[in-house]
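As the structure is a computational prediction, the values presented were derived from the model and not from experiment.
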Amino acid sequence: MTKGDFLIVAFIAAGFSLVPLTTSAQKMDCGKAASSAEQDQCADQELATAETDLKDAFADALQQYTPTADGQKENATLPKYDKDHETRYEKRMRRDLKVSQRIWFQYRTAACAAVSSMYDGGTISPAAASLCKAEVTRQRIKFLRDYFAEDK
């Protein structure tokens, strides 16, 4: 067996070994998670939920500054200067939101790495990092919705 074949088999075996963990994590009562492995699974679930919500909140924020057919019709009666100003404003807002999101991800990574370092070498370190990321992500979601929601 070549080294490449071995790696493929190892990845497949690793993938199958995770299936029961994922299934049990979905049925697990995270309020009663006792082992480090269970706590890790629950923390990962919490982070996955937060990241899904973040994706939606960010898409909603971007949508506020994306031209629509209705908006185009409304702007049709505006003078050219105002139309151009609106176009530049929307483009700048989308760009600024994307830049802030990228920098925020860097911040989250660094901040939660510091939290994980507090438990360096301990079995709770992975769960602490995931819970940190979930908490910081919920804060970002609130920020995006507070400042960029449609009905602000």
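Residue pairs that meet the salt bridge (charged side-chain N to carboxylate O under 4.0 Å, His left out) test with at least one member in residues 56-68, sequence neighbours left out, do not exist here. Pairs engaging residues 122-137 under the salt bridge (charged side-chain N to carboxylate O under 4.0 Å, His left out) rule: Glu135-Arg138 [sequence neighbours left out]. Note on residues 118-130: no pairs pass salt bridge (charged side-chain N to carboxylate O under 4.0 Å, His left out), not counting sequence neighbours.
Scanning for side chain to side chain donor-acceptor pair (under 3.5 Å) contacts around Lys55 gives an empty result, with sequence neighbours left out. A search for salt bridge (charged side-chain N to carboxylate O under 4.0 Å, His left out) contacts involving Lys142 returns Asp146, not counting sequence neighbours. Partners of Arg92 under the side chain to side chain contact (heavy atoms under 4.5 Å, CB included) rule, at least two apart in sequence or in another chain, are Tyr89, Arg95, Asp96. Under the side chain to side chain donor-acceptor pair (under 3.5 Å) criterion, Thr123 pairs with Ser36, sequence neighbours left out. Applying the side chain to side chain donor-acceptor pair (under 3.5 Å) test to Asp44 and every residue at least two apart in sequence or in another chain returns Ser130. Partners of Lys91 according to the side chain to side chain contact (heavy atoms under 4.5 Å, CB included) rule, which considers only residues two or more places apart in sequence or in another chain, are Arg94. With sequence neighbours left out, the side chain to side chain donor-acceptor pair (under 3.5 Å) criterion links Ser100 to Arg140.
Although no hydrogens or angles enter the test, the distance criterion places a donor-acceptor pair under 3.5 Å between the side chain of Thr49 and the main chain of Gln45.
What you find for Ala50 and Ala134 is that their closest heavy atoms are CB-O, 4.0 Å. Across all their heavy atoms, Met93 and Phe148 have their closest contact at CE-CE2, 3.7 Å. The two atoms that bring Tyr65 and Glu90 nearest to each other are O-CB, 3.3 Å, heavy atoms only.
Through direct or indirect side-chain contacts shorter than 4.5 Å among Ile, Leu, Val, Met, Phe, Trp and Tyr, Tyr119 is connected to Val115, Met118, Ile124.
The CZ atom of Arg145 sits 9.0 Å away from atom CG of Leu54, with the distance rounded to the nearest 0.5 Å.
Residues Leu131 and Gln39 form no side-chain contact, since every pair of their non-hydrogen atoms from C-beta on lies 4.5 Å or further apart.
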Which atom pairs, donor and acceptor, lie under 3.5 Å between side-chain atoms of residues 103-112 and protein residues at least two apart or in another chain?
residue: Arg108; atom: NH1; partner: Glu51; partner atom: OE2; Å: 3.2
residue: Arg108; atom: NH1; partner: Thr137; partner atom: OG1; Å: 2.7
residue: Arg108; atom: NH2; partner: Glu51; partner atom: OE2; Å: 2.9
residue: Thr109; atom: OG1; partner: Phe105; partner atom: O; Å: 3.0

